[in-house]
Structure formats: structure tokens, C-alpha cells
**Student:** 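Submitted below is the structure of interest, expressed as C-alpha cells.
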Amino acid sequence: MRGKMAACVAEHGDDAFRKLFRFYKRRNPPPDLSQVVDFSTTVQNERVFAAELDHGSLSEEDACGAGLRPVKDWRAFSLQGYPGFIFISNPFLLGSQQYWVKQCLKTYPQKPNVCNLDMHMSLTETENIWEKSIDSIRKKGKREPRTLLEKLRWVTLGYHYNWDTKTYSADHYSPFPVDLHSLSQKVAAACGFPGFKAEAGILNYYRSDSSLGIHVDESELDHTWPLLSFSFGQTAVFLLGGTKRQDPPTAMFMRSGDIMVMSGSSRLLYHAVPCIIPAPASDPLPPCLGQPLGKEAGSDGLIKDVSEVEWEVCSKYLLTSRVNMTVRQVLGPGQTFPTTLPRVGVVVESSGYHEESGQNAKKRKSESGYEDDS
């Protein structure tokens, strides 16, 4: 009965996307998840089929060096009606996700990269976010105030996205992380995009009550290159719609280690994250995150061991959180930024970039630039 309710909500009509977004975002009663596509299991869905990957684009040695299994072992899927969309179900080697989680929490928030806290705090206050937070997180109780790390909502890399003008520019740039560029280039090549350049990244930090509003990523000046999305931590429901809000979206789970590639006609589709799924009390951290780094990653690759102290902090953070990295190429070959940038960009018709329940919602909106749709 409740499964039929989800299908009914998703019918074509006036803002079908918004209706389904609210359906999955609600907390009482909780939404029925029976219609959500789960790529982590043996997929039995007439709309799901195997995606073709370029196995020869990446040697096993290079894949393992980035913490990835050989491409031939990846479980990659496409969806009927979404040409150019590829979902890769956790292609990471055992233990390698820990490295990328640590980078998202410790390394990438460091200056000169930009974060939401810079909107209302001085640069001195937002330096060394990790160091200022780890002691409190390690001994944290339920009544302790939130640390800077727990207040993070987004970090931008490379060409820094301007939330006010919805644009990138040449004069707002810091070097893109070499390791994330390498990982992104390898995944893009396996999906048929050799030569991809990771030029801009947005890292999203979700708490258990966070959501990502309905939007289209179109600020990049060249849309022929894919948008890559890497997910770590708690499971989320992801909605992928069409070119109009009237198109009903498809719901799918994004679990830790999953990668999504949006390219071709799927590059400019509406999408959103309405909710984070509460982890079971018996297994609060996804099992794939608790594995030690295996020998397959090698000692000369990108992936390095995460110390016990570092992982203690990361794992406690992830008990109630999810981290997502989106990577994109901004410019095409030989392309430069125009002298005067048009006011285009992320088309958002939803609540703040990270919408939260309760008293923090208005504050989050001021830190992101997304409009309310609650």
C-alpha cells in the first residue's frame, strides 16, 4: 500500500519532483523506501541494466594505486531513460575509503580552500579546523557543543564556486588536490572520458537531519564533460529527475563508496538528496568503512594508511554523517572565462544547499545561497 503511495506521488504533474522530495524528506510517518533502487544488491529492476566501461583505459596497477578495484570487477549500472548516467556500486578496495574520508575531514578543509564557516567567521578562526575539533570529538558527549568540523556544510576546491553570482572565475582559484584529480581522472577515463580535468570540486557535509535541495549543476562553461560524485559514510536517498520540475524523479540509495557519473543528456538534470537514512543501532557504521587497508593498494600509490587516532575521529564523525565529493571540469579545451560572467549557474528551486530540520534551517540558507522550498 505504501509503495503505491510513493508511485502515486511520483506521477507527472505540477512540480512532481518537489512532491517526491517532500515525501522522502518527511519524518513522521517515515517514508516508504520500497521503491528506492538499491544498486548494492542483485538488481532486479526492468529499468536497470549494465553500463559499458572502458576496461582498457586503466591498468590494474593504476586502479589499485588510487584505491580502486580493477575496472573489470566494477559493478556499473545505467538507468533506462537516463542516457549518460552511470552508477558504480562501491568500486573501492577494502580500507581505501578511510583515506578519502580523512582527506575530506582533515586535509581539504584547510586554507586556501573555502568553506561555509568563512561566511561568518574570520580566516584565523577557520584555520586548522581538524586540529581545533579532534579532542572534543574523541571525548564527545551528547550535550557537548558542536565543533567546527561538525559545523562544516561545504568546502570548495580549485575554481571556487561563488554562491552569490552562481559562477566560477579565474581570480578565485586555489590548486586542485593532486590526489583527488588523479582519482577523478581515472574514474572518468573508465567511463569513456579520457582527458578529463578535475578543475572544481564541492564537498558536501551532511548531518543526520540534512538534505540537498533540488537543483541543476550548470555553472561550468563546458557541459560535455561529466559530473562525478563520490559518497562516503551514511546512506542517502538520491533523486534524479528530468529537465523539468514536472518530470518525476527516480529514487536510489547512495551508499558509502558509491560513485555516480552524470554525462551527456543526464549532465543537466534536476537532482536532490531529500534525506539521510538512519543507521541501525546494531551496525552504526557501514561495514566497508571498518576494514583495514589491504596490500592491493600498494605502498607507492595515492592511498596512505590512516592512523588509529585519525580514524577514531573520522569514524565517530561518520556515525551520524555523510560526506559527498562532486568533481567537475569547468572549461573546455582552449576555453577561458569571459570578461563579464553572465548570472547563470546552479538552478535551485529548493531549500538551502543543506536544509536542516529545526532552528538551524535559516542559518544554513544564509551560508549557501539556495532558496527555500520547504
Side-chain angles (χ1 to χ4, degrees), residues 66-68 88 92 97 99-119 126 129-130 149 152-163 165-189 191 193 195-206 212 215-233 236 238 254 256-263 267 271 273 302-303 321-332 337 345-346 348 353-354 367-370:
L68 299 165
I88 307 170
F92 289 93
Q97 287 188 53
Y99 171 82
W100 295 109
V101 170
K102 187 264 294 182
Q103 293 297 86
C104 289
L105 298 182
K106 180 179 181 180
T107 305
Y108 298 153
Q110 294 180 6
K111 298 296 175 254
N113 297 329
V114 181
C115 71
N116 63 293
L117 301 179
D118 297 325
M119 303 298 103
T126 59
I129 290 175
W130 171 269
L149 189 59
L152 268 184
R153 289 299 174 266
W154 53 262
V155 168
T156 55
L157 311 172
Y159 289 115
H160 297 287
Y161 185 70
N162 186 314
W163 301 100
T165 64
K166 308 291 189 286
T167 59
Y168 301 98
S169 63
D171 59 357
H172 197 196
Y173 173 83
S174 59
F176 195 92
V178 174
D179 54 359
L180 183 54
H181 181 280
S182 180
L183 172 67
S184 302
Q185 198 170 48
K186 290 173 170 57
V187 171
C191 293
F193 294 93
F196 174 82
K197 296 180 180 178
E199 295 178 325
I202 299 178
L203 278 56
N204 296 316
Y205 300 81
Y206 296 80
L212 176 66
H215 68 285
V216 176
D217 291 287
E218 63 175 14
S219 294
E220 297 70 37
L221 301 186
D222 187 342
H223 299 143
T224 61
W225 297 97
L227 175 73
L228 309 181
S229 176
F230 303 86
S231 184
F232 303 107
F238 179 81
M254 278 201 75
S256 192
D258 289 344
I259 301 174
M260 291 193 309
V261 179
M262 297 174 66
S263 67
R267 174 64 177 78
H271 54 280
V273 177
L302 296 174
I303 306 303
S321 303
R322 170 181 179 256
V323 181
N324 182 257
M325 307 187 297
T326 57
V327 179
R328 59 288 303 276
Q329 180 167 335
V330 177
L331 301 169
F337 289 102
V346 178
V348 179
Y353 193 77
H354 278 286
E367 295 171 353
S368 66
Y370 277 24

**Student:** Quick one: list whatever passes ring-ring contact (aromatic ring centres under 6.0 Å, His included) with F230, sequence neighbours left out.
**Tutor:**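 So F230 forms no ring-ring contact (aromatic ring centres under 6.0 Å, His included) with any residue.
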
**Student:** Checking N116 side chain against W154 main chain: does a donor-acceptor pair fall under 3.5 Å?
**Tutor:**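 Yes; judged by distance alone, with no hydrogens or angles, the pair exists.
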
**Student:** Looking at L331, is its backbone amide N or carbonyl O close enough to the side chain of E199 to form a donor-acceptor pair, meaning the two atoms are under 3.5 Å apart?
**Tutor:**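 It does hold such a pair.
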
**Student:** Taking the side chain from D179 and the backbone from L302, do they hold a donor-acceptor pair closer than 3.5 Å?
**Tutor:**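 Such a contact is absent between D179 side chain and L302 backbone.
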
**Student:** In Å, rounded to the nearest 0.5 Å, how long is the span from CG of L228 to OG of S184?
**Tutor:**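 Rounded to the nearest 0.5 Å, the CG-OG separation comes to 5.5 Å.
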
**Student:** Calculate, to the nearest 0.5 Å, the distance between atoms CZ and CD belonging to F193 and Q329 respectively.
**Tutor:**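 The distance works out to 11.0 Å.
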
**Student:** Testing the basics here: between M254 and S229, what is the closest heavy-atom pair and its distance to 0.1 Å?
**Tutor:**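 So the two residues come closest at CE-OG, 4.1 Å.
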
**Student:** So do the side chains of P177 and T107 get within less than 4.5 Å of each other, counting heavy atoms only?
**Tutor:**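 No, every pair of side-chain atoms sits at 4.5 Å or beyond.
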
**Student:** Specify whether F176 and H181 have parallel, tilted or perpendicular ring planes, treating 30° as the upper limit for parallel and 60° as the lower limit for perpendicular.
**Tutor:**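 Correct class here is perpendicular.
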
**Student:** Between Q97 and G257, which heavy-atom pair has the shortest distance, and what is it?
**Tutor:**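 In terms of heavy atoms, the two residues are closest at OE1-N, 3.3 Å.
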
**Student:** Are R328 and Y168 close enough, and set up right, to give a side-chain hydrogen bond (donor to acceptor under 3.5 Å, both in side chains), and what steps lead you there?
**Tutor:** CA-CA 12 Å; R328 59 288 303 276; Y168 301 98; 3.1 Å; yes

**Student:** With sequence neighbours left out, what residues match Y99 under ring-ring contact (aromatic ring centres under 6.0 Å, His included)?
**Tutor:**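 Per chain and number, Y99 pairs via ring-ring contact (aromatic ring centres under 6.0 Å, His included) with no residue.
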
**Student:** Between L180 and M325, which heavy-atom pair has the shortest distance, and what is it?
**Tutor:**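 Reported closest heavy-atom pair: CD1-CE, 3.6 Å.
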
**Student:** Tell me, do Q103 and V323 make a side-chain contact under 4.5 Å, heavy atoms counted?
**Tutor:**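 No, their side chains stay 4.5 Å or more apart.
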
**Student:** How far apart are the closest heavy atoms of D222 and G332, and which atoms are they?
**Tutor:**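 Reported closest heavy-atom pair: OD2-CA, 3.0 Å.
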
**Student:** Nearest 0.5 Å please: distance from the CD1 atom of I129 over to the CG atom of L149.
**Tutor:**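 Nearest 0.5 Å value for the CD1-CG distance: 7.5 Å.
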
**Student:** Going through the distances and angles, do S219 and T167 end up as a side chain to side chain contact (heavy atoms under 4.5 Å, CB included)?
**Tutor:** CA-CA 6 Å; S219 294; T167 59; over 6 Å; no

**Student:** Does R322 use its side chain to pair, donor to acceptor, with the backbone of S256 at less than 3.5 Å?
**Tutor:**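 Judged by distance alone, no pair lies under 3.5 Å.
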
**Student:** Of all the heavy-atom pairs spanning H160 and P112, show the shortest one and how long it is.
**Tutor:**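 Taking every non-hydrogen atom into account, NE2-O, 4.0 Å.
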
**Student:** Apply side chain to side chain contact (heavy atoms under 4.5 Å, CB included) to F196 and V187, showing your working.
**Tutor:** CA-CA 9 Å; F196 174 82; V187 171; over 6 Å; no

**Student:** Does any part of the side chain of L105, heavy atoms only, come nearer than 4.5 Å to the side chain of Y205, both counted from C-beta?
**Tutor:**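 Of all side-chain heavy-atom pairs linking L105 with Y205, at least one is under 4.5 Å.
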
**Student:** Looking at CG of L68 and CD1 of I303, how far apart are the two atoms once the value is rounded to the nearest 0.5 Å?
**Tutor:**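 Those atoms lie 7.5 Å apart.
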
**Student:** Quick one: CE on M260 to NE2 on H271, what's the gap to the nearest 0.5 Å?
**Tutor:**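 M260 atom CE to H271 atom NE2 measures 7.0 Å (nearest 0.5 Å).
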
**Student:** For K197, look at atom NZ and say whether over 12 heavy atoms of other residues, nucleotides or ligands are found less than 6.0 Å away.
**Tutor:**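 Result for NZ/K197: open.
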
**Student:** Is the F337-Y173 ring centre distance short of 6.0 angstrom?
**Tutor:**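 No, too far apart.
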
**Student:** What distance do W225 atom CH2 and E220 atom CD have between them, rounded to the nearest 0.5 Å?
**Tutor:**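 So the gap between those two atoms works out to 14.0 Å.
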
**Student:** Do V114 and H172 come close enough that some side-chain heavy atom pair is under 4.5 Å?
**Tutor:**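 V114 reaches H172 side chain to side chain.
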
**Student:** For I259 and F92, what are the C-alpha separation, side-chain angles and deciding distance, and is it a side chain to side chain contact (heavy atoms under 4.5 Å, CB included)?
**Tutor:** CA-CA 10 Å; I259 301 174; F92 289 93; 4.0 Å; yes

